[in-house]
Amino acid sequence: MTREISVELQNVSKYYGTEKVVDEVSFSVEKGEIFVLIGPSGCGKTTTLKMINQLIPHTSGNILVNGVDVTKLDAVELRRSIGYVIQYIGLLPHLTIQENIAFVLKLTKKSKKEQNERALELVETVGLQANYLKRYPRELSGGQQQRVGVARALAANPDILLMDEPFGAVDPLTREQLQNELLRLQESIRKTIVFVTHDMQEAFKVGSRIGILRQGKLVCLGTPMEIVRSEDEFVKNFIGQGALFEVLDTIPVLRAIEKDIPIVSEKGKVDLSDEKLKGWENIFVTNDHGQCLGYISLDSLNQDGTFSAGQIEPLPAGCSPEVSVKQAVEEMLWKGKTWLPVISEDEGFKGIVLFSSCADLLAEDRR
Amino acid sequence: MEGVIGFFQYFWDIREMVAVLTVRHAWMALAGVVLGTLTAVPMGILISRKPKVGVYVIDFAGMLYTIPSLALLGFLLPFLGLGWLPTITALVIYSWLPVLRNTVTGILGVDPAAKEAAKGMGATPYQLLMNVELPLALPVIMAAIRTVAVLTVGITVMGALVGARGLGELIFQGISMMDNRTILAGTIPVSIMALSFDQLLGLLERKLKVVTSSA
Ligand SMILES: Nc1ncnc2c1ncn2[C@@H]1O[C@H](COP(=O)(O)OP(=O)(O)OP(=O)(O)O)[C@@H](O)[C@H]1O
Ligand SMILES: [Mg+2]
């Protein structure tokens, strides 16, 4: 299967006078992915983004949107077909939220009715109440304004979204909430998103792939996991410590699961000479339906390996196999456990995940 | 007290003349403001696109602004003759500097983020002007137009010297006869007119705001 490419940059450079602010940058963004551009302030992120919708013309190289060279397209049409969330939100202060959201529909002369309906739909999509529609931007908090900025970019239902630090102006809590909402929204709308940020945690969290810019050069490009493994000193420093944890968010918990755990049927007895028991304190009791009834400490077993239902301790609340390693670790830290059972939606017992193996996973991937 | 009643009596006696002159005065002033705005705002828009060249245009308008009104009317006389034409022309010239300058300041002062957002969403230059730049610059432009309106009503008085029959006629007549009642009969309507122009434009501004924000 060949992946469809929505946006492609081929050796793109941008000069301001003799200063080269974007230097031979090449990358391609696949349809439906969130491609993150990250780097320190002034490295050319915004410039790169704006060249895609030709708010800034590039000096050399090619930029293709859906396979077509952007210089061959009418700039106005190009911009109308691409959603754009600008760095400083940029809501129009003299227009209501409704008019702000529907602005691009007004530009394309859609009916008033259609504008209003779309605004209503979108204000809810981004998690605001309909009564905000009649308000003016100054009457909204920073976080609410950023939501409106996102809603506005979605108005014409573009396939491609350019987002320039869309969650820059909010507190960390709201920021995380907005990130989660973006990811949830992305599940249903599947846009191709080029996302600019200077926050590595954010990059790891939302990005399917990440490009790191430094002084206009793309110094590293890859999945979060590949980025973490980078040997480049600049990249290592730039990633920092805190973001490592975010990488665990990109690994499904199933990769950290213990496969060879000691198990006994509720009707059977434990073979105490079994090699498998080595290093374990507990043994897990399952029934015929693949469910886990609980666990028994090996010490509390009868001499012959038999046990009674009363000796079984109930499992702690588990996590679903769909969660990430990060989520599982958070769960353990929260509950003060060193392990968690992994239980599917139909109550099937998938195994357990150990805190130590999660830590190993990171170490192994750092290697 | 006697004087006040006497003045009202006198005013009542010449009411018809005052009415005719007031209407003429108002029309000339209005024409000056409207024509001045219609020329200066588009010019201001052009200048805001090329601020480097624009500085010279504004300097030129500033130079014109400093010519005393009597002198300007005198300059215009040989070309435009007597009456309303040189008067209105002078009014237009005086309105240029404030309106021009505020149009440029207003447009250049529009939040770049707002402009860029609109452009990024695919606004054409014209749409950008009509939907973003002018509405956001409106308060600044209107402030100039209101100043100009008040100024214009006053300058129209000078028009009487070149035979533009406005309220200035009463005032100059009063001065030459050293008759305060006549001066007042001309001055009071001028003041009221200036204030009402200002207020009416304030109303218009609010109307425009509503229109631009819902159009
Ligand atoms: N119009 C311009 N003229 C000259 N230089 C410019 C212009 N716009 C941007 N630059 C320079 O280009 C470089 C890249 O700017 P850009 O806005 O792309 O940075 P950025 O990565 O988005 O930074 P930030 O994280 O602060 O938003 C900067 O060094 C900036 O000074
Ligand atoms: Mg930027």
Side-chain angles (χ1 to χ4, degrees), chain A residues 46 49-56 73-109 112 115-116 134-138 145 148-149 152-156 158 161-165 168-169, chain B residues 37 41 44-45 48-52 99 102-146 201-215:
Chain A
T46 298
L49 199 69
K50 284 192 202 162
M51 288 192 296
I52 296 174
N53 68 2
Q54 290 289 288
L55 276 176
I56 297 178
L73 294 167
D74 176 53
V76 166
E77 290 303 322
L78 174 74
R79 288 177 204 143
R80 285 180 184 169
S81 71
I82 297 179
Y84 180 42
V85 182
I86 91 162
Q87 184 164 5
Y88 302 105
I89 312 179
L91 296 185
L92 302 171
H94 61 300
L95 302 182
T96 60
I97 299 309
Q98 172 167 311
E99 291 157 349
N100 263 288
I101 295 178
F103 191 76
V104 64
L105 301 179
K106 181 184 174 186
L107 296 180
T108 52
K109 305 203 168 59
K112 198 80 200 153
Q115 291 180 30
N116 294 348
K134 292 280 172 241
R135 295 208 199 167
Y136 284 88
R138 62 174 175 279
Q145 291 187 22
V148 175
R152 182 172 66 174
L154 292 171
L161 281 181
L162 307 178
M163 306 180 97
D164 197 349
E165 306 201 20
Chain B
T37 305
V41 171
I45 293 169
S48 71
R49 301 291 184 255
K50 291 251 180 288
K52 287 212 180 84
V99 179
N102 281 32
T103 304
V104 177
T105 320
I107 290 181
L108 293 182
V110 171
D111 181 7
K115 277 194 283 193
E116 194 176 282
K119 225 177 139 193
M121 282 185 282
T124 60
Y126 179 73
Q127 285 175 324
L128 186 68
L129 179 70
M130 298 311 277
N131 292 298
V132 181
E133 291 177 306
L134 281 184
L136 286 176
L138 186 69
V140 183
I141 300 176
M142 279 312 279
I145 296 177
R146 285 170 77 164
L201 284 166
L203 274 177
L204 179 71
E205 184 181 351
R206 252 163 282 157
K207 273 263 157 52
L208 276 177
K209 241 184 209 156
V210 175
V211 172
T212 50
S213 71
S214 68

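Order of the sequence lines sets the chain letters (A, B, ...), proteins ahead of strands, with each chain counted from 1. Just so it is clear, the model here is predicted, and its values are computed rather than measured.
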Item to complete: Would you check if Phe103(A) and Asn131(B) make a side-chain contact, meaning some heavy-atom pair closer than 4.5 Å?
Response: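 Phe103(A) reaches Asn131(B) side chain to side chain.
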
Worksheet item: Sequence neighbours excluded, which residues qualify as side-chain contact (heavy atoms from CB on, under 4.5 Å) partners of Gln145(A)?
Response: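 Partners of Gln145(A) under the side-chain contact (heavy atoms from CB on, under 4.5 Å) test: Ile89(A), Leu91(A), Leu140(A).
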
Quick one: [atom1] on [X] to [atom2] on [Y], what's the gap to the nearest 0.5 Å?
{"X": "Lys50(A)", "Y": "Lys119(B)", "atom1": "NZ", "atom2": "NZ", "answer": "9.0 Å"}
{"X": "Thr124(B)", "Y": "Arg80(A)", "atom1": "OG1", "atom2": "CZ", "answer": "6.5 Å"}
{"X": "Lys115(B)", "Y": "Ile86(A)", "atom1": "NZ", "atom2": "CD1", "answer": "12.0 Å"}
{"X": "Leu136(B)", "Y": "Leu95(A)", "atom1": "CG", "atom2": "CG", "answer": "7.5 Å"}
{"X": "Met121(B)", "Y": "Arg79(A)", "atom1": "CE", "atom2": "CZ", "answer": "12.0 Å"}

Practice prompt. Go through Leu162(A), Val76(A), Thr108(A), Leu107(A) and name the one with the most non-hydrogen pairs under 4.5 angstrom from chain B.
Written response: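 Looking at each option in turn, the highest pair count goes to Leu107(A).
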
Discussion item. I'd like to verify something: which residue of Ala123(B), Ala118(B), Gly120(B) has the highest number of heavy-atom pairs under 4.5 Å with chain A?
Written reply: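 That would be Gly120(B).
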
Worksheet item: Based on non-hydrogen pairs under 4.5 Å, which of Ala113(B), Ala117(B), Gly122(B), Pro112(B) is most in contact with chain A?
Response: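 Most heavy-atom pairs within the cutoff with chain A belong to Gly122(B).
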
Discussion item. Ignoring hydrogens and geometry beyond distance, is a side-chain donor-acceptor pair present between Tyr84(A) and Glu116(B) at under 3.5 Å?
Written reply: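 There is such a pair (donor and acceptor under 3.5 Å, judged by atom type) between the side chains of Tyr84(A) and Glu116(B).
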
